Number of protein chains: 2
Amino acid sequence: MRRTGDQFMVKEINTSIVMDTILRYHSISRARISEITGLNKGTVSSLVLELINQQLVFETGAGESSGGRKPVMLQFNGDTGYVIGIDLGVNYILTILTNLQGDMICEHQEDITGLNSHEIIPLLVRTIGIVSSQAPLSHYGIVGIGIGVPGMVDSEGTVLFAPNLGWTHVDLRAAVQVYYPEMPIFVDNEANMGAIGELQYGAGKKVANLIYISVGIGIGAGIILKNELFRGTAGYSGETGHMTIDADGRLCRCGNRGCWELYASEQAISDMGKSIKLNGVTGTLESYITSAQEGQVSIIEAFDKIGHYLGIGVANIINIFNPDLVIIGNRLTLAERWISQSMQDTVKKRALPIQRQSAIVQFSSLSSHSTALGASFMAVSAFLQKSTART
Amino acid sequence: MRRTGDQFMVKEINTSIVMDTILRYHSISRARISEITGLNKGTVSSLVLELINQQLVFETGAGESSGGRKPVMLQFNGDTGYVIGIDLGVNYILTILTNLQGDMICEHQEDITGLNSHEIIPLLVRTIGIVSSQAPLSHYGIVGIGIGVPGMVDSEGTVLFAPNLGWTHVDLRAAVQVYYPEMPIFVDNEANMGAIGELQYGAGKKVANLIYISVGIGIGAGIILKNELFRGTAGYSGETGHMTIDADGRLCRCGNRGCWELYASEQAISDMGKSIKLNGVTGTLESYITSAQEGQVSIIEAFDKIGHYLGIGVANIINIFNPDLVIIGNRLTLAERWISQSMQDTVKKRALPIQRQSAIVQFSSLSSHSTALGASFMAVSAFLQKSTART
DNA sequence: TTAGTTTGTACAGTGGCTAAACAAAGTTAA
DNA sequence: TTAACTTTGTTTAGCCACTGTACAAACTAA
């Protein structure tokens with residue numbers, strides 16, 4: 001049943017409050033923490049002492065006096081440990097190393113075009129080794145690995161279905177765990193990781209309800225509600241790409257008709273491209289962007305149309321969730337310049353007036369790093385939770 | 001900032017766990033509660049003693065022995081207080097009186113067709129008086145009032161916009177509070193109340209993620225995620241009726257095109273009815289149902305179509321949320337017989353296979369009482385929370 | 001120098017929890 | 001019938017994290 005309350009729970013809650021306060025204010029004294037949180041000065045002192053002993057917090061010296069004894073300033077010790085975040089894309093692996101504050105130390109990218117899972121996983125493990133070796137010496141070392149995958153992932157870290165990788169039932173967590181038996185490893189959908197990345201380090205820093213829409217070959221969404229990832233009953237929420245926006249529309253490979261991703265994804269621009277008279281365009285998103293930069297009108301109009309359809313789905317999401325923020329991420333952000341205007345116009349036209357007032361729609365501010373950063377934060381979060389739990 | 005942990009919080013949490021356990025098992029001994037919850041026997045004893053002193057729980061006598069001393073069975077004292085739940089509909093007020101377990105003691109309905117807010121509110125207050133007078137003598141008496149309204153409601157209980165009532169900015173809570181100055185009063189959207197009603201007393205009793213779709217003149221949704229109502233950032237979530245399901249569809253009064261409620265609501269059936277050759281049909285939902293009962297094919301086909309479009313939106317919601325359960329409520333449930341089949345067929349076709357496995361779609365099991373019961377539960381919930389809080 | 005302010009620690013007291021002991025009340029079987 | 005065992009619910013001692021208060025240390029300002 002539910003966890004019962006006892007003194008350890010109280011301490012855990014309060015330690016976490018103290019920690020969050022230090023993180024939020026960056027540099028703060030014990031006295032201020034006590035004031036802000038409402039915790040007794042003595043309580044704060046004793047909790048901070050433990051955090052210092054764990055090397056999670058350190059004293060940076062005296063701060064400015066406001067007419068009395070100078071405060072001793074505290075800071076989170078971001079470099080006491082490091083984590084690895086991996087964005088396993090359709091044709092690339094992006095592996096990054098960050099400290100506990102999300103500062104990126106190094107990154108490494110590999111092309112995986114045409115490889116199958118038996119080739120990809122060893123390569124992925126190799127990238128972990130490469131960035132690990134770049135980690136500065138620290139008290140805790142590497143404390144966790146997060147991996148974002150373009151497909152459905154169950155709670156055990158098994159990739160159930162990743163159509164664009166051609167994977168079904170690949171137990172990715174276990175496969176990596178073999179190489180790092182003691183390491184906490186977190187595998188989740190790429191859109192969920194992206195949503196967390198934006199919430200923690202991107203545009204959604206001070207926001208409670210955020211929908212991250214990952215627009216690549218298909219469309220997926222990471223849903224953050226009340227500051228928490230919402231995964232759905234079985235972990236399959238956010239399949240917004242298969243939301244019907246045209247009841248009698250084109251047939252989708254999912255069996256449904258008029259799915260959003262048929263009209264507003266990388267796939268959609270390719271489909272449009274085929275029917276446009278091309279001059280030297282090869283069919284990749286990048287090639288269409290080049291054409292648009294060169295001023296080819298038919299391509300620019302195609303992007304405009306994509307933006308319109310993107311806006312229809314975004315407006316639906318706003319009407320359903322009433323979020324603070326909708327963030328468009330993943331590959332299609334490359335075409336922001338040609339998509340943004342028509343998308344925003346359509347959202348303005350289609351979302352209810354009362355929703356528009358509060359909801360903001362924007363493109364990812366972390367560009368191509370949302371997923372990797374989110375994945376790394378999963379590991380950070382688990383590490384801090386474990387650290388502040390019962391001693 | 002966040003609430004800090006202290007011994008009172010621990011007690012509150014554990015009291016609430018004990019209370020929930022008693023409610024769930026209906027009749028249970030202290031020893032079993034201790035076993036189930038993991039709380040120490042002494043802790044359970046002392047918490048139960050307080051609940052008994054507050055008359056929230058009582059001992060019903062000895063239970064069956066399992067080879068030792070007979071246990072003393074405990075039960076929740078549902079009749080220690082009563083609450084009022086009100087479903088303010090477009091042309092009716094349904095006011096019910098329930099005990100703290102949701103058992104309905106009496107109900108009262110009034111027709112409000114053609115009345116404005118200055119006439120409706122006094123009438124609503126009068127219905128409160130009528131059902132109040134039916135309340136049996138109890139220790140706490142009437143402990144709260146909940147009201148469900150067909151429109152957007154802010155956190156202060158002001159009805160911001162209720163198009164079908166013709167209300168804008170009516171401070172309903174304050175208006176009722178005048179008559180009952182000390183009474184806790186909760187005003188919320190009718191779909192939110194319905195969702196809570198189904199979660200507590202209806203089909204969604206053992207479910208974490210439930211979407212209640214209220215299909216009346218328009219469509220609204222109450223969203224329960226992780227056992228909690230999700231209201232959105234400003235409280236305007238669930239405006240699913242204005243989700244686009246046909247990108248180039250008909251114009252809606254909201255300014256958008258192809259809104260779901262144009263195709264799958266009471267309004268939709270009326271619109272269809274106009275273009276059907278009628279024999280004696282007057283244009284109300286009831287009249288169409290009568291025609292369908294009489295076997296008029298064009299009407300039956302119209303309902304079938306409504307079911308199809310209802311299914312499209314439901315499939316979208318399933319793909320987005322991955323819920324345990326979707327419940328269709330409000331007026332259109334009257335036509336369940338003619339709508340259900342085509343709706344279920346469409347959902348089966350349109351929701352992703354993996355979602356279908358877990359999600360169930362059904363019509364309300366509380367029929368027309370979901371909203372009133374949900375409203376009454378809001379009051380029960382607040383009362384119990386207050387009672388188990390710090391003494 | 002002195003008075004006042006601010007910071008952080010020390011210490012007693014509170015209260016809710018746990019573990020263990022125990023009394024009461026039952027069953028089971030020789 | 002009696003003895004041994006089980007189960008229930010209360011009591012008691014001890015633990016631990018919190019709070020409030022007192023206080024020393026360190027600083028500002030007049």
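All of these numbers come straight from a predicted model, not from anything done at the bench. Order of the sequence lines fixes the chain letters, A, B, ..., with proteins taken first and strands second; residue numbering starts at 1 for each chain.
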A:Gln101 atom CD, over 12 foreign heavy atoms within 6.0 Å: yes

Separation of B:Glu59 atom CD from D:dG9 atom C1', in whole Å? 10 Å

Under 6.0 Å between the ring centres of A:Phe321 and B:Phe321? yes

Whole angstroms only, please: what is the NZ-P distance between A:Lys11 and D:dC15? 16 Å

For A:Met9 and D:dC16, what is the distance between atoms CE and C1' respectively, to the nearest whole Å? 16 Å

Say whether B:Ser370 and B:Glu198, considering side chains only, have a donor N or O and an acceptor N or O under 3.5 Å apart. yes

Just to be sure I understand the rule, does B:Val44 reach a base, reach only the sugar-phosphate, or reach nothing, if contact means heavy atoms closer than 4.0 Å? nothing

Spacing of B:Asp6 atom CG relative to C:dG16 atom P, expressed in whole Å: 10 Å

Does the protein touch nucleotides 22-30 of chain D at the base, only the backbone, or not at all? Give it as B, S and - per nucleotide, heavy atoms under 4.0 Å. --BBBBS--

According to salt bridge (charged side-chain N to carboxylate O under 4.0 Å, His left out), does anything in residues 32-42 of chain A pair up with another residue at least two apart or in another chain? List the pairs. A:Arg32-A:Glu35

Length of the CD1-P vector between A:Ile52 and C:dT9, whole Å: 8 Å

Rounding to an integer number of Å, can you tell me how far B:Ile13 CD1 sits from C:dG16 C1'? 12 Å

If you only use heavy atoms from C-beta on, which nucleotide in C:dG8, D:dT10, C:dT18 is closest to the side chain of B:Leu39? C:dT18

Donor-acceptor list for residues 182-189 of chain A side chains, cut-off 3.5 Å, not counting sequence neighbours:
unit_1	atom_1	unit_2	atom_2	d
A:Asp188	OD1	A:Asn192	ND2	3.1
A:Asp188	OD2	A:Arg231	NE	3.0
A:Asp188	OD2	A:Arg231	NH2	2.4
A:Asn189	OD1	A:Ala191	N	2.7
A:Asn189	OD1	A:Asn192	N	3.3
A:Asn189	ND2	A:Gly151	O	2.8

d(CD, B:Glu35; C1', D:dT7) in whole Å: 10 Å

Here the salt bridge (charged side-chain N to carboxylate O under 4.0 Å, His left out) pairs for residues 55-76 of chain A, sequence neighbours left out, are A:Arg30-A:Glu59

In residues 14-33 of chain B, which ones come under 4.0 Å of DNA chain C, going by heavy atoms? B:Asn14

Qualifying ring pair (Phe, Tyr, Trp, His ring centres under 6.0 Å) pairs, either residue in residues 370-389 of chain A, two or more places apart: A:Tyr140-A:Phe383, A:Tyr201-A:Phe377

Side chains of A:Asn209 and B:Thr233: do they bring a donor and an acceptor to under 3.5 Å? yes

Could you tell me whether the side chain of A:Asn14 and the main chain of B:Gly5 form a donor-acceptor pair under 3.5 Å? yes

Nearest-nucleotide wise, let me know which of B:Asn40 and A:Leu47 is further upstream toward the 5' end of DNA chain D. B:Asn40

Between P of D:dT19 and CZ of B:Arg3, the distance in whole Å: 11 Å

